[in-house]
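This report refers to the structure that appears directly beneath it.
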Amino acid sequence: MSVRVRFAPSPTGYLHIGGLRTALYNYLFAKNQGGKFILRIEDTDRSRFVENAMEGLIEILNWAGILFDEGPGVGGDYGPYIQSERLEIYKKHANLLLEKGNAYYAFDTSEELEAMRKKLQEKGLNPKYDRKTMKNQFTLSETEVKQRLNSDEPYVVRLLVPDNYKVHFNDIIRGDITVDSSEIDDQVLLKSDGYPTYHLANVVDDYLMKITHVIRGEEWLPSTPKHILLYEAFGWDLPKFAHLPLLLNKDRSKLSKRQGDVAVEDYRQKGYFKEAIINFVALLGWNPTGDREIYDFQELIDSFKLEKVNKGGAVFDIEKLNWMNFQYLMKKDTKELAIQFKTILIGKGYPEFSNDYLEKVIKVHRERVTFLHQILDFCPYMFQKPEKFDKEYFEKYWKDYSLAILKELLIKYSKIDNFVHDDLHKATLETASERGLKLKDIIHPLRLVITGRSAGAGMFETMEILGKNECLSRIQYFIDNYEKNTLVF
RNA sequence: GGCGCAUUCGUCUAGCGGUUAGGACGCCGGCCUCUCACGCCGGUAACACGGGUUCGAGUCCCGUAUGCGCUACCA
């Protein structure tokens, strides 16, 4: 039987970074097994429905490269893939359970349920539905039940959990788990608004969509026994289960909005590469060997093993993500980066530079930043003439002979036809030794003149990229303003 | 409260009965150097605790502690 897995988000907002990892693990597993990855939208809670959330989810999944084989928009043989379009299917299955005696009608109001729970809790008991005292098929007469059903009176369908029964299942990640049925609540299956709850819809759809492996977050582990009971009631074979460890905040609570960004979109906006995010998130809770960090998408697919997924939760450490982003910044093709960077520059109102120029700038500056867009902050002087000069740097390295040297260099540089690193280096070194100075005695003032700053890439490679005209013009500008005492610091 | 799941350096992890407990991020130091970085070299730091089982336990079993999750007509 070929592997089929699904990612089943609820369209209640943006895609959470934890959701991304769940989707990713499903995807990696499917592709590793030569199976299918399905997207199913679980929009059975009308009160939490967010307009366009589904579109956002799909968009960001596509961006990340987690492409689904079946789902909204792409179709498939087991649709529809949006649960609100499958209401009749759930109703039919709820009726099936009703007929088989595995489910029953209940008529309690939310106030009555609340009062019941409060009472049980005060007694220190498990606050689960008390079938024997509440308003339902078992406590009401047959005629009253019929009457209520025929009237407009709201009702729900609940799962009849058998007494004295041990529910067993095996989790690929956690092993055998057994729960006593006395711990399991008579879960509502069909809500009074006619929509199914997660539990019913999920089980029915997983079965009908021929899902072979249910890979989901650990928060679902406690309700899995309910699902097992449902499969058994229907007489269906169980899929395999794998419950993933949670992603955690620094304080080890479940990853949440309060302590930093959780939306994948936020990270995209900040300039993280999708490759870095995927690589990083994949390694939170799973590692093929433990002695390697960088894996491309295909390598992740090839080495993915559900059995190797960890049991314990993993803290989301932004420092390591940053490091990983840097790794990809260094690794990526500069042609691709130049195109991205051009968009960034234009967005900030800069004129259009040639791809060739941008590539050169990126090549020498990327090792100094974490994000591509930071190159602009690091060396704005590569895109416009410096107008302000670092005062501290000036005071530290500007000597009484510096102006004379600058004038000499201006002449010397103007005679260099091939304005490249080696020739610039040679010419400057010459000037230095003629005056009994060290190269750095000249380079520092020169850096100030050319860039206005103390930090930057190698001086001569910077000058080579800027070009002869630009460099000469900057030196001239500095000399003029220095002599007129109009330099701005 | 009840039930469940978990627990190796600060963080992500390797380990699947015998290891000087390995790698990575971060941090610290050094080298390189025209600055800032990159890079390279080195250092820091962990098996939650207590009992078993065993010749031998981070690895297996049982407790305890701690953390997290669930306990809805939310997913």
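As the structure is a prediction and not an experimental result, all values here were calculated from the model. Order of the sequence lines fixes the chain letters, A, B, ..., with proteins taken first and strands second; residue numbering starts at 1 for each chain.
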Inset, instruction - Indicate whether OP1 or OP2 belonging to B/rG67 is found under 4.0 Å from a side-chain N or O atom of A/S253. - result: no

Inset, instruction - Taking only the side-chain nitrogens and oxygens of A/N287, find out if one of them lies under 4.0 Å from OP1 or OP2 of B/rG23. - result: no

Legend entry - First encountered from the 5' end of RNA chain B, between A/E319 and A/S192: A/E319

Legend entry - Side-chain donor-acceptor contact under 3.5 Å, A/R216 with A/T224: yes

Inset, instruction - Look at the rings of A/H421 and A/F460 and say which category their plane angle falls in: under 30° parallel, 30 to 60° tilted, over 60° perpendicular. - result: perpendicular

Inset, instruction - Report yes if a donor N or O on one partner sits less than 3.5 Å from an acceptor N or O on the other, where the partners are the side chain of A/R368 and the base of B/rC38; otherwise report no. - result: no

Legend entry - Phosphate OP1/OP2 of B/rG15: any A/K308 side-chain N/O under 4.0 Å: yes

Inset, instruction - Ignoring backbone atoms, establish whether A/R117 has a side-chain N or O less than 4.0 Å from OP1 or OP2 of B/rA72. - result: yes

Inset, instruction - Answer with base, sugar-phosphate or nothing: what part of the nucleic acid does A/G458 contact at a heavy-atom distance below 4.0 Å? - result: base

Legend entry - Flag for A/T370-A/N325: side-chain donor and acceptor within less than 3.5 Å: no

Inset, instruction - Ignoring backbone atoms, establish whether A/R252 has a side-chain N or O less than 4.0 Å from OP1 or OP2 of B/rU11. - result: yes

Inset, instruction - Identify whether any heavy atom of A/L284 sits under 4.0 Å from a base atom; if not, whether one sits that close to sugar-phosphate; answer base, sugar-phosphate or nothing. - result: sugar-phosphate

Inset, instruction - Looking at every strand, decide which applies to A/A8 at a 4.0 Å heavy-atom threshold: base, sugar-phosphate, or nothing. - result: nothing

Legend entry - Sugar-phosphate only, base, or nothing, as touched by A/S454 at under 4.0 Å among non-hydrogen atoms: base

Legend entry - Under-4.0 Å side-chain N/O to phosphate OP1/OP2 contact, A/K191 with B/rC74: yes

Inset, instruction - Go through the side-chain N and O atoms of A/D45 and A/Y195 and say whether any donor and acceptor fall under 3.5 Å apart. - result: no

Inset, instruction - Answer with base, sugar-phosphate or nothing: what part of the nucleic acid does A/K320 contact at a heavy-atom distance below 4.0 Å? - result: base

Legend entry - B/rC25 phosphate, OP1 or OP2, under 4.0 Å from A/N322 side-chain N/O: no

Inset, instruction - Could you check if a side-chain atom of A/Y295 sits within less than 4.5 angstrom of a side-chain atom of A/I301, using non-hydrogen atoms only? - result: no

Inset, instruction - Under 4.0 Å between any heavy atoms, over every strand shown, what does A/G456 touch: base, sugar-phosphate, or nothing? Just pick one. - result: base

Legend entry - Pairwise 5' ranking along RNA chain B for A/P154 and A/E293, keeping only the more 5' one: A/E293

Inset, instruction - Look at all strands and tell whether A/R158 reaches a base, only sugar-phosphate, or nothing, counting heavy atoms closer than 4.0 Å. - result: sugar-phosphate

Inset, instruction - Verify the contact: side-chain N or O of A/K305 to OP1 or OP2 of B/rC16, cut-off strictly under 4.0 Å; return yes or no. - result: no

Inset, instruction - Check whether any side-chain nitrogen or oxygen of A/K254 sits under 4.0 Å from OP1 or OP2 of B/rC70, and answer yes or no. - result: yes

